[in-house]
Structure formats: C-alpha cells, structure tokens
Amino acid sequence: MTNGTGPTGTTRRKFSTLVGVIAATTLLAGCGPDASGPAAGGSPSPTPTPKEALLAAVPDGTEGAFRFTGKDSSSDISGVVDPAAKGMDLTAAYKDPEHGFTTRMSFLLVKEQLWLKVKFTGTEGLTGLPKLPNRWMELDRAKLTDGETAPTYEGADVGNAGPIIEAATSVEAKGDRTYTGVVDLTKGQAGEAVGEEEVAALGAAAGQVPFTAVVGPDGNLASLTLAIPAAGKAKAWNYLVKYTDYGSAPQLAAPTGSAAQEAPKAAYELLNG
C-alpha cells in the first residue's frame, strides 16, 4: 500500500497518545505511600498490617536503579528507573490498525533533560512517514505545545503501585510473600493511576477490583496485578506493574557524542500534531 499523507497524520495522533501513555506512568504527585511512624526512641512499632507491609515494599528511591514493566488497557511500557539520576528510560509501542506499521517511541529523562528516540517498523510500501535520526533527540520543553504531557520524574514508583494499594479496602497476606485483596478505584488517586475513563466505565464494579501483589526476597515489590472486569463492550483486562533487578539495572546518564543530537523540526511536529 502506498499513501502519501495518511500515515503521517495517523502517526501524529498516535505520538500524542504515546506521549500521554508514557507520561501517565510517572508517579502521581504526592501519592507515595505514607512513611510516617513513631519517632526514634519511642515505643516499639506494632506489627504492621498486611496493607502496611505491602506499602512498605513499594520503591521509594533508596533501592538503586531497577527495571519497570507496565501494562494497561491499551499499551505496554518497559524500561529503567534510576532514582539517583532522577531519570527514566521508558519505551512504548503502538501498531497502527489501518496501515499496519508499528511506532516504537522511547523517552530518556535525566535530571530534567529529555530525549526522544523513534523507530518505525513494518513500513514497506508506505510513504509520508517522517525522516528521523536513529539516535537520541534532545527536546526543548519550551517548543512543546503541551509541555506538561512530556515525562517528568516525580518518584521511583512510576507504575503508581502506591496509590493503588492505598485504595485497598482489604489486604490479606498469603504464603510466599504474596498478597491478595480488593481495591476501590474510586478512592484517592487510584482511578487516575489506572485510567479515569476506564474506571468510569466500570460503574459500581470499580469499588470491588481484586488484586494480587508479590514481594521479592529482598523485601521490594516485584509485581502488582489488578484484574479489571469486563464493562459494556470492553473486555476484561489486567493492569500490571512489575519491578525487577533492584540495584543491578543500568544507571542512566545523558547520551553524548554521536549518540545524541538536537531534535529536528519533524520531531516537534509529531509531538505537537
């Protein structure tokens, strides 16, 4: 198939979607788990409840760099989170249902500096797609129409496990460091973390969403899975967060030399289109 303008217009719309998807993974401001407790030298702390123990396992930035995998109703995201660099390297992919090509977009964030890398696959026979360099393109946030949608570092818990667990109405500790329970997605910022439209579509079922969480041998959260039920025409799906390789994932740094360049005009046209 040959199309001189269709793919470009479609890609611009999908870039906006992917930017939103990756930006949505960043921690909701002010939503980390409550780390308050008795002052040092006070009475011994009581045995934590299962909910408190699970919240204590959510990454808070002291664990070193780690890998992240996330999945929601329409996308998959993976990458590395490096709290020391206040950085993330996150990648999302989208397959265009009309033209069949796949857009793979990565954002690299290191201490407020932001880079973008884009790769198209399955484009045989297509024309009209932008010509972009195969390297990190440094972005100027001032040139973005909506700079607030671009990723920013707000905390280590980029999958928003903390806000979701905070909204749990019941948590039970099972064997092998596994926890199960029920989350009320209408509470706090859990709905914003999962997706406000998806939560609204659930109706009353949003208040009773089952979850399973696993804590690794190191005491850090390994995974959190929400079993979102079917609603209307929407099929059931899982909201998934996985954190792995705590302290052993690669540390992030700004790309240098031939690995990076300033973003060309075509990159901003895609992001702003």
Side-chain angles (χ1 to χ4, degrees), residues 5-32 61 65 68 70 72 74-94 96 101-120 123 128-160 163 189 192-193 195-197 250-273:
T5 58
T8 300
T10 301
T11 302
R12 285 176 178 169
R13 291 191 296 272
K14 298 314 175 188
F15 258 94
S16 297
T17 300
L18 288 174
V19 170
V21 166
I22 293 182
T25 68
T26 58
L27 181 68
L28 298 171
C31 279
F68 162 72
D72 61 15
S74 61
S75 61
D76 295 272
I77 303 175
S78 61
V80 172
V81 179
D82 184 357
K86 293 186 178 179
M88 304 180 294
D89 180 352
L90 299 179
T91 298
Y94 175 83
D96 187 281
F101 69 93
T102 297
T103 302
R104 182 181 180 87
M105 182 167 70
S106 301
F107 275 112
L108 172 61
L109 175 71
V110 178
K111 299 187 185 299
E112 298 303 319
Q113 287 182 281
L114 183 64
W115 292 264
L116 168 71
K117 185 180 287 187
V118 180
K119 184 177 182 179
F120 301 111
T123 60
L129 291 170
K131 302 294 184 180
L132 294 171
N134 185 27
R135 64 184 70 183
W136 288 111
M137 298 174 283
E138 185 171 6
L139 295 170
D140 180 350
R141 292 179 186 269
K143 294 182 180 180
L144 298 174
T145 301
D146 187 359
E148 293 184 357
T149 64
T152 58
Y153 185 82
E154 298 289 349
D157 181 23
V158 297
N160 288 309
Q189 290 183 293
E192 185 178 348
E196 293 177 324
E197 291 185 5
Q251 296 180 334
L252 300 180
T256 59
S258 62
Q261 69 170 72
E262 292 185 0
K265 181 180 179 181
Y268 291 105
E269 289 176 345
L270 283 175
L271 294 173
N272 294 332

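We find the OH-NZ distance between Y153 and K111 to be 10.0 Å, quoted to the nearest 0.5 Å. The CD atom of E262 sits 10.5 Å away from atom CG of L139, with the distance rounded to the nearest 0.5 Å. Rounding to the nearest 0.5 Å places CH2 of W115 at 13.5 Å from CD of Q261. Remark: L132 CG to K119 NZ distance equals 13.5 Å, nearest 0.5 Å. Of the inter-residue distances, the one linking L108 atom CG with L114 atom CG reads 8.0 Å to the nearest 0.5 angstrom. One distance of note links CE of M105 with CG of L270; it measures 9.5 Å at 0.5 Å rounding.
Summarising the local packing, CD of Q251 is surrounded by 12 or fewer heavy atoms from other residues, nucleotides or ligands at distances under 6.0 Å.
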Please tabulate, for side-chain N and O atoms in residues 81-89, each donor-acceptor pair with protein atoms closer than 3.5 Å (sequence neighbours left out).
from: D82; atom 1: OD1; to: A84; atom 2: N; distance (Å): 3.2
from: D82; atom 1: OD2; to: L252; atom 2: N; distance (Å): 2.8

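Between G79 and L90 the shortest heavy-atom distance is CA-CD2, 4.1 Å. Closest approach of E196 and E192 over heavy atoms only: CG-CA, 3.8 Å. The two residues A259 and R135 make their nearest non-hydrogen contact at O-CB, 3.4 Å. Nearest heavy-atom pair, P264 versus M137, reported as atom, atom and distance to 0.1 Å: CD-SD, 3.5 Å. In plain terms, the two heavy atoms of P250 and V80 that are nearest each other are O-CG1, 3.5 Å. The minimum heavy-atom distance linking A193 with N160 is given by the pair CB-CB, 3.6 Å.
Residues satisfying the side-chain contact (heavy atoms from CB on, under 4.5 Å) criterion with K143, sequence neighbours excluded, are D140, Y268.
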Chi angles and distances behind the side-chain contact (heavy atoms from CB on, under 4.5 Å) call for L271, L116: CA-CA 10 Å; L271 294 173; L116 168 71; 4.0 Å; yes
